[in-house]
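Notes follow the structure.
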There are 2 protein chains.
Amino acid sequence: MSLRSALLALLRVGPMSGYELQKQFSVSVGHVWHAPGSQIYPELRRMEEEGLVVGEDQTRGERGARRLYHVTPAGDAAFLDWMRSPLGYLRVRDPAHLRAAYLESVEPAEARAFLRAHEEQWRAELAQWESEIRRIDAGESPMLQRRLAVTADEERAATTAYKRFTYEGLVERARTEIAWAQRGLALVDRLER
Amino acid sequence: MSLRSALLALLRVGPMSGYELQKQFSVSVGHVWHAPGSQIYPELRRMEEEGLVVGEDQTRGERGARRLYHVTPAGDAAFLDWMRSPLGYLRVRDPAHLRAAYLESVEPAEARAFLRAHEEQWRAELAQWESEIRRIDAGESPMLQRRLAVTADEERAATTAYKRFTYEGLVERARTEIAWAQRGLALVDRLER
DNA sequence: ACTGTCATGTAAGACGTTACATGATTAC
DNA sequence: GTAATCATGTAACGTCTTACATGACAGT
């Protein structure tokens, strides 16, 4: 149900088409949730059938068309229900740590390659998240601006603070993974001697 | 392919039945990978069809039966190939951080409930992983003992070190999540004033 | 004319979850 | 005898990925 909640969260700020939602999943919200078009379009139709959103057909030029989705009161309630419901924590499935547990079965060079790739992977994420925090602080985040525009004055500070808090968590996680990979590289060195 | 790799990793230490593998996924390896029986049994059969494992039928009592799976040289090679291949990092899908980004839309009490549950969730994991590290240090980890028994002398230190390293990473991650949740609780307090 | 981006999808398959079904053996 | 645990599955469903299909519009 998290895809649905992510879609509702975006649509609650203002109507969007499937295509625009897809774009959001590559930028802002994409940092915490991702979905391809092939998942979004069918989900939107199911949500419309269930009355959580309504589609509004628009024309573009002569024959072009797109469908803007609006959240209904039922959709709004569904989102808030989700926000209040206990999160379903999934059982761990962590390929990187699984592999780490068996690094002695490959050559030190190969172990290093894995750990360096892990570090690189998280450095890339870290860079994205840090720059997102800078954009939030500078008031330049487009998604946050859009949200603040429809937010009552007294909630603006909270909206910004929680958004920043979210990214801080991601940044800390990335730093933890990077530090772990570096300790792994040091361990490979130590074991080789 | 990670389920397959996890199964091969376990079977490389020694033959096991589907039932025993299932058990392992609730304890030792279960800390980094989980799978229910309904996934394990069919996967083992597919792996046998592909020649990665061979099943050996055994009897138990009068009519009882079980099937012990052994890794073949092809299975061994497949595991090492996986160890050497680049890890497929999945796009983020993080319900907890998704929710955190919208905490201003619920009451402070509800935001606190979510953050406390998050902290609790990770404290429970942390306790498990820390006790696993203590077991490793005390030489009491059954899975590690089993692995060390089939490991050449010169690789024993590495095997133990990588196993500990894996759990250290999990412990650090849990601590990061706990610290984040606590900062979130402090933030809720600050915003309420 | 051609490229890029807007726009919406289908199809097939891999992966995972939950619930249920069935029967044997072991320990009390 | 009865409960626990050993042992192996099936069925239905939900989620997610990858690849492909189709066409319109906008700018050069």
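Excluded from the calculations below are hydrogen atoms, water molecules and symmetry mates; all remaining heavy atoms, backbone and side chain alike, are included. Convention: sequence-line order gives letters A, B, ...; per-chain numbering from 1.
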When you compare the side chain of B:Leu87 with that of B:Trp82, does any pair of heavy atoms fall below 4.5 Å? yes

Are A:Glu56 and A:Arg67 close enough for a salt bridge, meaning some N to O gap below 4.0 Å? no

I'd like to know if the side chain of B:Arg156 and the backbone of B:Leu148 have a donor-acceptor N/O pair within less than 3.5 Å. yes

Is it true that the side chains of B:Gln24 and B:Ser28 contain a donor and an acceptor less than 3.5 Å apart? yes

Side-chain heavy-atom pair A:Val32, A:Leu170 within 4.5 angstrom cut-off: yes

In whole Å, what is the span from the CG atom of B:Leu3 to the P atom of C:dG16? 7 Å

Run the salt-bridge test on B:Glu119 and B:Arg116 with the 4.0 Å N-O cut-off and return the result as yes or no. no

Mind listing the N/O atom pairs, protein and nucleotides 26-28 of chain C, below 3.5 Å?
none

Listing time: all N or O pairs from protein to nucleotides 17-21 of chain D that are below 3.5 Å?
from   : atom 1 : to      : atom 2 : distance (Å)
D:dT17 : OP1    : B:Arg93 : NH1    : 3.2
D:dT17 : OP2    : B:Arg93 : NH2    : 2.6
D:dT18 : O4     : A:Ser38 : OG     : 2.7

Is a side-chain N or O of A:Glu48 found less than 3.5 angstrom from the main chain of A:Gly55, in a donor-acceptor match? yes

Starting at atom CZ of A:Arg4, determine the distance to atom C1' of D:dT15, rounded to an integer number of angstrom. 12 Å

Could you pull out every donor-acceptor pair under 3.5 Å between side chains of residues 33-42 of chain A and any protein atom, sequence neighbours left out?
from    : atom 1 : to      : atom 2 : distance (Å)
A:Tyr41 : OH     : A:Tyr19 : N      : 3.2

Using a strict 4.0 Å threshold on nitrogen-to-oxygen distance, state whether B:Arg175 and B:Glu130 make a salt bridge. yes

Specify the residues of residues 11-31 of chain A, ordered by number, for which at least one heavy atom lies under 4.0 angstrom from an atom of DNA chain D. none

Determine, using the 4.5 Å side-chain heavy-atom cutoff (strictly less than), whether A:Val106 and B:Tyr162 are members of one ILVMFWY cluster. yes

Using the ring pair (Phe, Tyr, Trp, His ring centres under 6.0 Å) rule, collect all pairs that involve residues 169-189 of chain B, keeping only residues at least two apart or in two chains. A:Phe165-B:Trp180, B:His97-B:Trp180, B:His118-B:Trp180

Could you check whether B:Asp94 pairs with B:Arg99 (Lys NZ or Arg NE/NH1/NH2 to Asp/Glu carboxylate O, under 4.0 Å)? no

Tell me: CG of B:Leu7 to P of D:dT8, nearest whole Å? 13 Å

Without swapping roles, check the side chain of B:Glu110 against the backbone of B:Glu107 for a donor-acceptor pair under 3.5 Å. yes

When the distance from CZ of A:Arg66 to C1' of C:dG9 is rounded to whole Å, what number comes out? 17 Å

For DNA chain D, what residues of residues 40-59 of chain B have any heavy atom nearer than 4.0 Å? B:Tyr41, B:Arg45

